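This report refers to the structure that appears directly beneath it.
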Amino acid sequence: MDFFATIMFPFKWLVSIIMVGFHEGLTFIGLPAASGWTWTLSIIGLVLVIRAALIPVFVKQIKAQRGMQLLQPDLKKLQTKYKGKTDQLSRQAMAQEQMAMYKKHGTNPFSACLPMLIQMPFFFALFQVLSGISTNAKAGEGVGAMSPGQVVQFDESSIFGAPLSATLLHGGGGDSQLAVNILSVVMILAMTASQFITQKQIMAKNMSEEAMASPFMRQQKMMLYILPVVFGVGGINFPIGVLIYWTTTNLWTMAQQFFVIRRMPTPGSPAAKALADRRAAKGLPALSVLTGKKDEEADAAAIAAVEPKIQRVQPQRKNRKKK
C-alpha cells in the first residue's frame, strides 16, 4: 500500500460507511436495493452529512472573509508604505507586518479555500471507491464498508440508462454508451456552471470596491475562470456517481452563499446596500452587518464600553485643604 493509499484508507471507509448507511435506510423504507436511484440518493446523503459537518468551518470562513474586507484600507496603506522598495529587507519587513495584521484580526487570505480543502480527501475517497467498483465486482471483493454483494449492486445500477460507475472516457459500452455520454456531459456542465455562479455571485454582490481592487482579488478573478475549466476537463474522467456528488455539493454551496449574501452581506458591498434599501422600504431600522444588532444598539454598546474608562478620571481640586 503506497503512501497516498494509506492516507486515503480511513476516508474511503468513512465515505463507504455513510453511503451504506443511507442505502440501508432507503432500502428499509421500501426503495429497491439494486436501483441506481437508491444509490444516487445515498451519494446525495453523503454530501448532506459532509456539508452539515462543515457548517462551523463555513462560519469561520465568513468571519475571516469579513476580516479581510475590514483589512483592505490597512493593507493598502502598507503597500503604499513599501511601494518601490524591492530590496530583501523591505520585502521581509512588509511580509512580517502583513502577517502580524492578519494575526491581529484573526484572518488570512486563504480562508476562502478552507472548506474546499477539507472536502478534497472525501472527494478523492469517493473517486477511489467508485473507480474500483467494476474491478472489485468482477473479483467478488468489497470496497471499504461495502460488501461484495453491494459492490455488484452498485456496479449494475444505473440512472437514465447510464451506470453510476461509468465515466465519459470509459463508458458502459453497448447500448448504455450514448446514455453515459449524454448524462456525463450534462453533469459536467452543471458541475462547472454551479461552481462558476457561486464564485461569481460572491465577487459581484458581496465584495466592497476596495476589496475588488486588491491584488489578492485579481488572483481570485483568475481562479474564477481557471477552476471551472480544470474541473470540467477533469470531469471526463470522473464516474457519474462522483459527478453527482460534486454537482450536489456545488448546489449546496450556491444556496448557502445566496442565503449569507442576502441576510448577512459584507459591509460596503452591493449586497449590503441592497439589504439596507430593503429594510428602509419596509420601514425597518438599519442593521449592523457585523454584529446583527440595530445601529442604535451597537452605538449604545460602544458608548457603554467607553464610559467606564472616562469615568475613572476624576477632577481634583487644586486648593483642597488637608484635614
Side-chain angles (χ1 to χ4, degrees), residues 1-29 31 33-61 110-157 159 163-167 187 191 194-195 231 234-235 237-256:
M1 186 180 291
D2 58 18
F3 180 71
F4 184 74
T6 303
I7 294 176
M8 296 308 301
F9 181 77
F11 291 100
K12 286 177 64 175
W13 267 91
L14 184 57
V15 163
S16 58
I17 285 172
I18 296 173
M19 284 179 57
V20 168
F22 272 99
H23 182 264
E24 291 181 351
L26 293 168
T27 304
F28 178 78
I29 63 176
L31 272 67
S35 171
W37 292 106
T38 305
W39 284 108
T40 297
L41 291 175
S42 301
I43 293 172
I44 294 174
L46 171 66
V47 174
L48 298 179
V49 169
I50 293 176
R51 294 312 302 264
L54 286 176
I55 287 177
V57 179
F58 178 75
V59 172
K60 290 182 179 180
Q61 174 196 10
F110 304 104
S111 56
C113 303
L114 189 58
M116 181 178 287
L117 291 176
I118 295 177
Q119 283 187 87
M120 291 312 291
F122 296 97
F123 171 76
F124 286 123
L126 180 63
F127 180 82
Q128 288 188 350
V129 168
L130 299 190
S131 297
I133 286 289
S134 297
T135 303
N136 288 64
K138 292 175 182 177
E141 300 175 351
V143 179
M146 296 175 67
S147 66
Q150 289 171 329
V151 170
V152 173
Q153 278 184 355
F154 193 99
D155 187 49
E156 295 176 350
S157 65
I159 56 173
L164 291 175
S165 56
T167 68
M187 294 300 298
M191 177 182 69
S194 56
Q195 186 169 14
F231 277 96
N237 233 351
F238 294 165
I240 289 176
V242 174
L243 293 175
I244 292 171
Y245 170 89
W246 202 249
T247 302
T248 305
T249 195
N250 283 352
L251 292 174
W252 172 295
T253 303
M254 188 164 60
Q256 191 171 245

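These numbers were taken from a predicted model, which means no experiment stands behind them.
The shortest side-chain heavy-atom distance between L26 and W39 does not fall under the 4.5 Å cut-off. Annotation: side chain of L54 is in contact with side chain of I118 (closest heavy-atom distance under 4.5 Å). Using a 4.5 Å cut-off on side-chain heavy atoms (C-beta onward), L130 and F154 make contact. Contact check for L164 versus I133: no side-chain heavy atoms found under the 4.5 Å cut-off. By the 4.5 Å heavy-atom criterion applied to side chains, I43 and T248 are not counted as neighbours. Between Y245 and F122, some side-chain heavy-atom pair lies under the 4.5 Å cut-off. The closest side-chain heavy-atom distance from T253 to R51 is below 4.5 Å. Looking at K138 and D155, their side chains never come closer than 4.5 Å, going by heavy atoms from C-beta outward.
Taking the six-membered ring where the residue is Trp, the centroids of F231 and W246 are separated by under 6.0 Å.
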Could you walk me through whether N250 and M191 pass the side chain to side chain contact (heavy atoms under 4.5 Å, CB included) test, one step at a time? CA-CA 7 Å; N250 283 352; M191 177 182 69; 3.8 Å; yes

Take I159 and I244, measure what side chain to side chain contact (heavy atoms under 4.5 Å, CB included) needs, and give me the verdict at the end. CA-CA 11 Å; I159 56 173; I244 292 171; 3.8 Å; yes

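For the atom pair OG (S157) and CD (Q150), the distance works out to 11.5 Å, reported to the nearest 0.5 Å. Rounding to the nearest 0.5 Å gives a distance of 13.0 Å between CZ of F22 and CG of L31. Rounded to the nearest 0.5 Å, atoms OG (S165) and CG (N136) are 11.0 Å apart. With rounding to the nearest 0.5 Å, the separation of CZ in F11 from CG in L14 is 8.0 Å. Rounding to the nearest 0.5 angstrom, the gap separating the CG atom in L46 from the CD1 atom in I17 is 11.5 Å.
Smallest separation of non-hydrogen atoms from A52 and P56: O-CD, 4.1 Å. Heavy-atom minimum distance, I55 versus Q256: CG1-OE1, 4.3 Å.
A side-chain donor-acceptor contact under 3.5 Å links S16 to the backbone of W13. Within the 3.5 Å criterion, the main-chain N or O of H23 finds a donor-acceptor partner in the side chain of T27.
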